[in-house]
Asker: 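Take this structure first; my questions come after.
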Amino acid sequence: MEEKELLSQLNDSQRAAVEYLDGASLVIAGAGSGKTRVLTYKIAYLLMKGYEPWDILALTFTNKAAKEMQSRIGSLVGADRARYLNMGTFHSIFARILRREAAHIGYNPNFTIYDEADSRSLIKTIIKELQLDDKIYKPAGVHSKISMAKNHLIMPADYALDRELISRDIDTRQPAISQIYTTYQQRCQNANAMDFDDLLVLTYILFREHEDVRRKYADHFRFILVDEYQDTNYAQQCIILQLTKENPHVCVVGDDYQSIYGFRGANIDNILKFSKLYANAQLFKLEQNYRSTQHIVSAANSLMKKNERQIPKDVFSTNAEGEKLTLKPAYSDKEEAMIVCKDIKRIMAADHAQYCDFAILYRTNSQSRSFEEEMRKQDIPYRIFGGLSFYQRKEIKDIIAYFRLIANPNDEEAFKRIINYPSRGIGNTTLAKIAEAARKYGVSFWDVICSPTHFGLNVNKGTLNKLDVFRALITSFMEKMPKVDAFELGQEIIKVSGITADIYSSREPEALSRQENLEEFLSGMQDFVEGRREEGREDEIFLSDFLQDVALMSDLDSDSNGEDEQSRVSLMTIHSAKGLEFSTVFIVGLEENIFPSPMAASSARELEEERRLLYVAITRAEKHCILTCARNRWRYGKMEYDTPSRFLRDIDPALLNVESERGRMDSSVDTDYTARYSGHTSRYSSIYNQSKPKEVHLTQSHSNQNLRRVVPSSSAASTVSSSMVSTNAGNLSVGSIIEHQRFGIGVVQKLEGTGENTKATVEFKNAGTKQLLLKFARFSIVG
DNA sequence: TAACACTTGTTTTTT
DNA sequence: ACAAGTGTTA
């Protein structure tokens, strides 16, 4: 594409933002104003202006956003150029840099990335070791304090000296936080492990302590772009500044209205004060919304008038006026789901829409249940995003722990996880002794079991022997690692360690789906192996790289674009809906104590963030935006009663229809729903007091069980792959034409082995010749 | 050490 | 309601 043509596809303000390359710039992009378009076009424009793809660093909030943007740029400038862009999340890009520069900061390149669960588990152990009251010190709470400190680049030593923090900890009766933090950090380093926040903090320290390294990267990244800047934290801001201080070749894009990650340390001030940080920063505002109808945009604007802290802007739409927002109050969570399902069917018929045009957005993941249940009942296909991700399932975490220990034997959390899984008779007593010896000598658990006598491990002969068997097992895996590929090793691990035996002998109903999940995991691993082989990057830290991808991957990122994924209703939290758009959006559970969350209702600042969250939700909608609330809701095992959300009153009443519970549309003049709802004498309460809680409860739990068994939620892919295998593997012969999920069309050249272990050599049209294990390969037979 | 019953808190969002 | 954690027994 020509430069001229490229620019002609943008409106005036978009074009101005794209063309400005002289210094720092801040693009305030209202919802639906073509923010991604500006970013992608700007990168394409840079490439036309003589920048090379590897000169450009583009940081996004999710892996998915990075992937999408990369493919969009690919279609503008060609995929072969786009693939060399440095594009990814802060966390993944910096993890890569840290691996390369690990030696400078006292780590090995094969460091582990601790996830939230690992961090909490470690903190829990520390709390116990320090003999602190675990009623007062909750691992999650402690970790969030540590995390906040890290996001502000406050190191343990700084923390101990920070009077404000210390006095705050004393107020919450947790004076030992500082000590826990110090220990935690030490233990992470001893284990050669970093938590999510360390990926930022240590990058910052790396650049601060090693000017030559900083210089190298500052020169290397000739242009830096940051997406979703409103969700960056202080540490991220500082790193960007480190890379751009001599040469402010940086463009940040964001929308303060959509800053919704304050709880995670994101600082809305970053965007509000960008111009103070970069003296001559240019400000561009994108205010035309191309996504939504006028009514939706106006309603969203009216809501935001209630917030104080913001960059004033005037988002407008020239689309059709559209219909007003509609509030549909329900008696119960169950009826709320019924109302939504009914509306989906109604709008589908009226608009000739597909299921994928609909999204149901909620504040908390737990709200998905009633909808799942109702949609199953009504045969409406749906897909749930978020929640327990594939990689957080027990069986997956177990196999990953094996790999982690192989890649980094000092990884204590992995060690603890698998030392007795599958059961090998090494219990807590023994583990405690190992821990004690490890502390005493300042070595890792692994070191202790490698030379137990040397570290004075006081256990009986039998236990000693069991430990040595485990050591030998892991050692044998480590020795195999460089020789066989990771996928083969994975197969060996599950077989030799006894995981297979454990799972296959289990008679629990979930055992089958666990088997499938393991297969799915190994198959994903094979894809990764093959992908790497193509790129000729099969180096020693290969395994660490794979584990890193897995650790930084959220469920949202695993793109399931299978045919049947195409037409499903999406269910997700508002947070995960950021950046997406749907023709029809249902925002459900608009009640006090849910939305705003009771955790946030105490401070004005947090309340404003909740309001922005509703703004984000509303602006996901293109044509229809339907709000619901329920009078009664089944929560914490009992029925709860809540009034409609205060935010409903923040929306201009002229833009909000309120439907009566009877299903008749009241005129929009009726804004008295709040009062009506809080009254206890109304005719509705009598209906509700005919106590059906028990019934409700029974149906709920019953169908939930069915649901679990039939659909291993969100991993539809695993069901697909296993069914394909069983039907296809037998029919395959030399000469068959297959379509592989990853490699495309290919012809079978050779078949080796029998039954489940058949290996096929396939020559692919576009991907060359590959060997596939039929058991795991994802393909279908075409001819 | 492992299996079981009983108690407890949990529900805000996620890289 | 549920999962995770605790304590009791074999």
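Just so we're on the same page: letters track the sequence lines, and every chain starts at 1. Atom set for the values below is all heavy atoms of this structure, side chains included, hydrogens, waters and symmetry mates excluded.
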Asker: Does a sphere of radius 6.0 Å around OH in Tyr234(A) hold more than 12 heavy atoms from other residues, nucleotides or ligands, not counting ones at 6.0 Å or beyond?
Answerer: no
Asker: Would you indicate, yes or no, if dT1(B) has its OP1 or OP2 atom less than 4.0 angstrom from a side-chain nitrogen or oxygen of Thr430(A)?
Answerer: yes
Asker: Closer than 4.0 angstrom, basic N to acidic O: yes or no for Arg376(A) and Glu372(A)?
Answerer: no
Asker: Dot-bracket, 5' to 3', for DNA chain B please: Watson-Crick or G-U pairs under 3.5 Å, [ ] where pairs cross earlier ones, | where the partner sits on another strand, dots elsewhere.
Answerer: ||||||||||.....
Asker: Flag as yes if Tyr261(A) stacks onto the base of dT14(B) (centroids under 5.5 Å, planes under 30°), otherwise no.
Answerer: no
Asker: Taking only the side-chain nitrogens and oxygens of Asn151(A), find out if one of them lies under 4.0 Å from OP1 or OP2 of dT15(B).
Answerer: no
Asker: Does this structure show an ion pair linking Asp255(A) with Lys35(A), if we count only N-O contacts that are shorter than 4.0 Å?
Answerer: no
Asker: Check this for me, if you would: do Arg635(A) and Glu640(A) make a salt bridge, where the nitrogen-to-carboxylate-oxygen distance has to be below 4.0 angstrom?
Answerer: yes
Asker: Classify the ring geometry of Tyr107(A) against Phe111(A): parallel below 30°, tilted from 30° to 60°, perpendicular beyond 60°.
Answerer: perpendicular
Asker: According to a strict under-4.0 Å criterion, is Asn365(A) in side-chain N/O contact with OP1 or OP2 of dT14(B)?
Answerer: yes
Asker: Once rounded to the nearest 0.5 Å, what's the spacing between atom CZ of Phe221(A) and atom CD1 of Ile97(A)?
Answerer: 4.5 Å
Asker: Would one find a side-chain N or O of Lys124(A) under 4.0 angstrom from OP1 or OP2 of dG5(C)?
Answerer: yes
Asker: OP1 or OP2 of dT13(B) less than 4.0 angstrom from a side-chain nitrogen or oxygen of Ser576(A), does that happen here?
Answerer: no
